[in-house]
Chemist: 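Supplied in structure tokens, the structure appears directly below.
Below, each value reflects all heavy atoms present in this structure, side chains not excepted, and no hydrogens, waters or symmetry copies.
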Amino acid sequence: MKPMHSINPPAALLDPARSPWPLTVATYNIHGAVGVDGRFAPDRIAAVLQEIEADVIALQEVPLGGGNGSGDVLALLRDATGFHVVEGPTANNGQGRYGNAVLSRYPIMAARAIDLSFGGREARGALDADIDCHGNALRVVATHLGLRPAERREQIRRLLQAFDTDRMPVLLMGDVNEWFVWGRALRWLVSHFKAAPAPRTFPSRWPVFALDRIWIRPRQRLLHVEVHKSALARIASDHLPLIAHIDG
């Protein structure tokens, strides 16, 4: 795993005496900030993040700047939320850098990249971040898995090796691209994390598939899982945000 560097955020207004629990977390595939209407509108993604009011957010398909692409969407979202931010690029070509990200109301103490690339398929990865929630350590892994079953199985195998630790609670959040309820990759994840609710998030206008998931270990800390279905969220991306509430 490769260490990552966070983007310096604006000062976050936090009350050190305030308990972080229950914590609201979310995962959101923002589709490059291109909505279902075909319009590139990162301001809509920022508005959706403000609607959900999460404390920690895992993002996928995020333009990270550079090249001749669509600019640094993550920097815009950082400025809109005032959150701490760390990026996990999975692609770097003529269109610029692109990948996963974690935004957090609380300081991000360390971050690592997990390479999940498989053969000649599109480059994939996970962003593994340690967050300090007023002295309570939380590990957040944001990922976006591949489109083929064999690819996902290998990626889950690598992720589960990385999760071999009990030093702190672990959250796995992201777009797992698993269309089959009883797919082998999902069975492995459920075996490790235990089953968690999986509301449908894709496509955003009429959700049919539960592609976006949130798991936590230990499982008893997961209180509730829901989909954010606002009118804006149904347009801003082809995925809806998935939200969970966890306790300390």
Chemist: Would you say Phe209 and Pro207 make side-chain contact, with heavy atoms under 4.5 Å?
Modeler: no
Chemist: Does Leu232 offer a backbone N or O that forms a donor-acceptor pair with the side chain of Arg44 under 3.5 Å?
Modeler: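 No, because the side chain of Arg44 does not come within donor-acceptor range (under 3.5 Å) of the backbone of Leu232.
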Chemist: Salt-bridge test for Asp247 and Arg221: reply yes if a basic N is under 4.0 Å from a carboxylate O, no otherwise.
Modeler: no
Chemist: With sequence neighbours excluded, what pairs up with Glu51 under the side chain to side chain donor-acceptor pair (under 3.5 Å) test?
Modeler: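 Residues passing side chain to side chain donor-acceptor pair (under 3.5 Å) with Glu51: His228, Ser230.
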Chemist: Within the 4.5 Å heavy-atom criterion, are Gln60 and Ile30 side-chain neighbours or not?
Modeler: no
Chemist: Go through the steps for Ile156 and Leu189 under the test side chain to side chain contact (heavy atoms under 4.5 Å, CB included), then give the verdict.
Modeler: CA-CA 8 Å; Ile156 293 300; Leu189 286 169; 3.5 Å; yes
Chemist: Answer yes if Val190 and Leu160 sit in the same cluster of Ile, Leu, Val, Met, Phe, Trp and Tyr residues linked by side chain heavy atoms under 4.5 Å apart, and no otherwise.
Modeler: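 Same cluster: Val190 reaches Leu160 through Ile, Leu, Val, Met, Phe, Trp or Tyr contacts under 4.5 Å.
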Chemist: Would you indicate whether the side-chain heavy atoms of Ile45 and Leu77 approach each other to under 4.5 Å?
Modeler: yes
Chemist: Once rounded to the nearest 0.5 Å, what's the spacing between atom CG of Leu49 and atom CG of Leu103?
Modeler: 7.0 Å
Chemist: What's the spacing between Met173 CE and Ile216 CD1 if we round to 0.5 Å?
Modeler: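 If we round to the nearest 0.5 Å, Met173:CE and Ile216:CD1 are 9.5 Å apart.
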Chemist: Are Leu242 and Val225 packed together at the side-chain level, in the sense that at least one heavy-atom pair is separated by less than 4.5 angstrom?
Modeler: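 Of all side-chain heavy-atom pairs linking Val225 with Leu242, at least one is under 4.5 Å.
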Chemist: Any side-chain to backbone donor/acceptor pair from Arg234 onto Arg205? Under 3.5 Å, distance only.
Modeler: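 Yes.
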Chemist: Determine the minimum heavy-atom distance between Ala198 and Ala210, stating which atoms define it.
Modeler: O-CB, 3.4 Å
Chemist: With the side chain counted from C-beta on, respond yes when Val176 and Leu211 share a heavy-atom pair under 4.5 Å apart, and no when they do not.
Modeler: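 Answer no - side chains too far apart.
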Chemist: For Ala233 versus Tyr28, what's the shortest heavy-atom pair and its separation?
Modeler: O-OH, 4.5 Å
Chemist: Return each pair, listed once, that meets salt bridge (Lys or Arg N to Asp or Glu O under 4.0 Å) where at least one residue sits in residues 141-163; pairs must be two or more places apart or across chains.
Modeler: Arg121-Glu151, Arg152-Glu178, Glu154-Arg157, Glu154-Arg158
Chemist: For the backbone of Thr24 and the side chain of Asp55, can you confirm whether one donor and one acceptor N or O come within less than 3.5 Å of each other?
Modeler: yes
Chemist: Should Asp212 and Arg200 count as an ion pair when the cut-off is N to O under 4.0 Å?
Modeler: no
Chemist: If you look at every heavy atom in Ala129 and Val86, which pair is closest and at what distance?
Modeler: CB-CG1, 4.4 Å
Chemist: Decide side chain to side chain contact (heavy atoms under 4.5 Å, CB included) for Tyr98 and Val62; before the verdict, give the C-alpha distance in whole Å, the side-chain angles of both, and the deciding distance to 0.1 Å.
Modeler: CA-CA 6 Å; Tyr98 187 81; Val62 186; over 6 Å; no
Chemist: Hey, what do you get for CD1 (Ile246) to CG (Leu222), rounding to the nearest 0.5 Å?
Modeler: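 Nearest 0.5 Å value for the CD1-CG distance: 8.0 Å.
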Chemist: Is the backbone of Cys133 close enough, under 3.5 Å, to the side chain of Asn136 for a donor and an acceptor to pair up by distance?
Modeler: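 The answer is yes, because a donor-acceptor pair under 3.5 Å joins these two groups.
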Chemist: Can you tell which of Asp128, Leu171, Ile57, Val170 makes a side-chain contact (heavy atoms from CB on, under 4.5 Å) with Val140?
Modeler: Leu171
Chemist: Under 6.0 Å between the ring centres of Tyr106 and His84?
Modeler: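 No, the ring centres sit 6.0 Å or more apart.
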Chemist: I would like to know whether Thr27 and Arg213 meet side chain to side chain contact (heavy atoms under 4.5 Å, CB included); could you show each step before the answer?
Modeler: CA-CA 8 Å; Thr27 183; Arg213 300 296 185 101; over 6 Å; no
Chemist: State, yes or no, whether a side-chain contact exists between Val56 and Leu23 at a heavy-atom distance under 4.5 Å.
Modeler: yes
Chemist: Do Val102 and Leu59 have side chains that approach each other closer than 4.5 Å (heavy atoms only, starting at C-beta)?
Modeler: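 With C-beta onward as the side chain, the pair stays apart.
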Chemist: Does one hydrophobic cluster hold both Leu127 and Ile131, with members joined at side-chain heavy-atom distances below 4.5 Å?
Modeler: yes
Chemist: Under the 3.5 angstrom rule, does the side chain of Asn177 hit a backbone N or O of Leu145 as a donor-acceptor pair?
Modeler: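 Yes; judged by distance alone, with no hydrogens or angles, the pair exists.
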Chemist: Under a 3.5 Å threshold, yes or no: a donor from one side chain and an acceptor from the other, between Glu226 and His245?
Modeler: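 Note: Glu226 and His245 side chains meet the donor-acceptor criterion.
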Chemist: A side-chain contact here means heavy atoms from C-beta on lying under 4.5 Å apart; do Leu76 and Leu74 qualify?
Modeler: no
Chemist: Is Glu61 reaching over with its side chain to a backbone N or O of Gly99, donor-acceptor style, under 3.5 angstrom?
Modeler: no
Chemist: What's the shortest heavy-atom distance between Pro22 and Leu223, and which atoms?
Modeler: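 Reported closest heavy-atom pair: CB-CD1, 4.0 Å.
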Chemist: With distance as the sole test, does Thr143 use its side chain to make a donor-acceptor pair with the main-chain N or O of Gly125 at under 3.5 Å?
Modeler: yes
Chemist: Strictly distance-based, threshold 3.5 Å: is any side-chain N or O of Ser191 a donor or acceptor partner for the main-chain N or O of Arg187?
Modeler: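 Between the backbone of Arg187 and the side chain of Ser191 there is no qualifying donor-acceptor contact (under 3.5 Å).
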Chemist: Atom CG in Leu138, atom CG in Asp132: separation rounded to 0.5 Å?
Modeler: 10.0 Å
Chemist: Shortest non-hydrogen contact from Ala162 to Ile114?
Modeler: CB-CD1, 3.8 Å
Chemist: What are the two closest heavy atoms between Ser204 and Val36, and how far apart are they?
Modeler: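 Here Ser204 and Val36 meet closest at OG-CG1, 3.5 Å.
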Chemist: Should Phe202 and Asp175 be marked as a side chain to side chain contact (heavy atoms under 4.5 Å, CB included) after you check the CA-CA gap, both sets of side-chain angles, and the distance that decides it?
Modeler: CA-CA 10 Å; Phe202 179 88; Asp175 178 357; over 6 Å; no
